[in-house]
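Only one structure is covered here, and it is reproduced in the block below.
One is the number of the first residue; the rest follow in order along the sequence. Quick caveat: nothing in here was measured; it's all calculated off a predicted structure.
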Amino acid sequence: MKNWKRMLLSLTISVGLLASAVPAMASPQETSVKVNDETVEYTTGAPINNKGTTLVPLRSTLDAMDVKLTTATDDTITAVVNGKTITLKSKLTRINGVTYAPIRIVGDATGYEVRWDAATRTVLLVSKGGGETETVQTGGRGYMWEVESNGNTVYLVGSMHIADESFYPLRKEFEEAFAEADYLGVEIDISKAAEEAQQKIVLDLGSYQDGTTLKDHISSETYTQLGNILKQSGLDPNALDTFKPWVVESTLASLKSMKAGYEASAGVDLYFIQKAIERKLPVIELESYESQLGMFNDFSKELQEKTLKATLDNFDVLDDSVNQMAEMWKTGNDEQLLELTNSFSDDEEYNKAMLIDRNVGMADKIDGYLKNGKGEEYFIVVGAAHYLGDHGVVKLLKDKGYTVIRK
């Protein structure tokens, strides 16, 4: 955990365990698909990442899986698997005359285990029941708490917003609790990240609108250091000049996270959002894109440069720090999570904005779910760093009189 203290204010931490709306102005990369180790060759269309979800040409992918497509409407697919007709619900997308569907939903429904190889950006579809699948171990313990009151149940799940295939499959307690849920609650619905409205918010808040550039708002030392790192990463030194420090920092953090193999498309919250879409389960947001991005944008000029400088100074070890966070999540280590959470208090402005104020808002909404008396179950997935500590959601709920049980 030693690197966390040195790079405390890096948005790598925010992306991983605190905030899910952190933008990154990095270029998209190609994705491939393998079915039982055989690469799928697409003659029309190609896999794309849309709103954090991998979409694939439906007919070509099913053909490679030995599944016969019968019909495909706007939200319903009928296919024949091993002689048996199945129907699955999923929103379909048509691009240049090709019908696309989410790969995880299609794979799960047709009897394949869906995995993600971040190093090669490959979606792996593996037939369930094969020798390899039988030896797959649970991805990790993770973080989950249970609260019951007034006939209602709330499961509190600590997410890592960026992850890789080693996080899956999740342990059965997660899946069983989710299967009974009436609602999925998340910080924000990041499946909407690529929509025009959200992108406009990022650009409006994250870029300079007054004719100035990044160079006018940070010290020459920080600007030179940034330019050198961008050159080392194969980019122009001024590639991010139009963006504010908090966007520049998140872009650098995302570049390093992706290099280490962690992406939002494999994150724990997006995993459950995709499953909720499949089940037509209502997704409720505890926050909003405006509130999260506005929080970063409202950081003082001094704090924005301080956090950027922390990322630049520790750029070489950012991927190591993400690896440490991933290991902490998979072992479900409460002591390490609490140590990390407490370390944010070193900067009062950052701690208040990122944790204290947001935790109060989350706890108040969860309190409302528990009190509504409708006999409902809520499955709440927010960044793991929001739960522990004196200002954490768990303590805030206990202070309201609830019994919170670690699962």
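- Between Lys374 and Glu376 there is no salt bridge, since no side-chain nitrogen of the basic residue lies less than 4.0 Å from a carboxylate oxygen of the acidic one.
- A distance of 6.0 Å or more separates the ring centres of Phe379 and Tyr183.
- In this structure, Glu113 contributes its side chain and Leu125 its backbone to no donor-acceptor pair below 3.5 Å.
- The shortest non-hydrogen separation linking Ala101 to Leu92 is CB-CD2, 3.6 Å.
- The neighbour count for Asp210 CG, taken as heavy atoms of other residues, nucleotides or ligands under 6.0 Å away, is above 12.
- Under the 4.5 Å side-chain criterion, counting only non-hydrogen atoms from C-beta, Leu69 is in contact with Ile77.
- Summarising the local packing, CD of Glu38 is surrounded by 12 or fewer heavy atoms from other residues, nucleotides or ligands at distances under 6.0 Å.
- We find that Lys407 and Glu173 are not joined by a salt bridge, their nearest charged nitrogen and carboxylate oxygen being 4.0 Å or further apart.
- A 6.0 Å sphere centred on CD of Glu348 holds no more than 12 heavy atoms belonging to other residues, nucleotides or ligands.
- Here the side chains of Thr251 and Val248 are not in contact, with every heavy-atom distance at 4.5 Å or above.
- With a 4.5 Å cut-off on side-chain heavy atoms, Tyr168 and Leu170 count as touching.
- A search for salt bridge (charged side-chain N to carboxylate O under 4.0 Å, His left out) contacts involving Asp66 returns nothing, not counting sequence neighbours.
- Tyr143 places a side-chain N or O within 3.5 Å of a backbone atom of Asn333 that can act as its donor or acceptor partner.
- A ring-centre distance under 6.0 Å is not found for Phe299 and Trp246.
- Side-chain atoms of Asp367 never come within 3.5 Å of backbone atoms of Ala363 as a donor-acceptor pair (strictly under, hydrogens ignored).
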